[in-house]
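A short write-up of the structure that comes next.
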Amino acid sequence: MAALALAVTSAGPDAAPSADASHASFTRPLVIPRVLTGANITLTAAEASIAVLPGAKTRMWTYNGTFPGPTIRRPTGATTTVRLVNRLPAAAGSLTLHNHGNHSASDFDGQPDAFLAEPGGAAVTYTYTGRESGGNERGAMQ
Ligand SMILES: [Cu+2]
């Protein structure tokens, strides 16, 4: 889990920020996730070794072998299918996708006990219509 550091000083609000060791420069550029824009998308959940920092790699459970996983960007009102393939170790169990904020049928809303992608390469396909109340869904980050 990431930690947030808050520096509290007795200096007033107009004091210049201080440069100290807790504000060291980043050594690598920010990783921008790949953007997927197609109507039919496959997300494969699988282990991958990711170079988060220089040196040793970190084994992670990823989507499509990247961290962070990809961003899906689609126009409202356009149907999108997302095929979830479960290639994680069997100990990970079955998977589902839950999409906060979108309007989708119950089958495609990431139920915890149904419509699951079982381990061993099984897949579930979700359909997102991009529509709500007879019109295009509002554009949003979901
Ligand atoms: Cu939710």
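We count ligands from 1, going down the list as the structure has it; atoms in each ligand are counted the same way.
Screening V85, L84, T44 for a side chain to side chain contact (heavy atoms under 4.5 Å, CB included) with Y63, the sole residue that qualifies is L84.
In terms of modelled atom types and a separation under 3.5 Å, the side chain of R74 and the main chain of T37 share a donor-acceptor contact.
Taking the six-membered ring where the residue is Trp, Y126 and Y128 present parallel rings, their angle staying beneath 30° rather than reaching 60°.
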V82/T80 under side-chain contact (heavy atoms from CB on, under 4.5 Å): CA gap, chis, key distance, verdict: CA-CA 7 Å; V82 176; T80 304; 4.3 Å; yes
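By the criterion of a separation under 2.8 Å, the protein N/O/S atoms near the Cu ion (ligand 1) amount to H98 NE2, H100 ND1.
Residues satisfying the ring pair (Phe, Tyr, Trp, His ring centres under 6.0 Å) criterion with H103, sequence neighbours excluded, are absent altogether.
Looking at heavy atoms from C-beta onward, L43 lies in side-chain contact with N64 at the 4.5 angstrom threshold.
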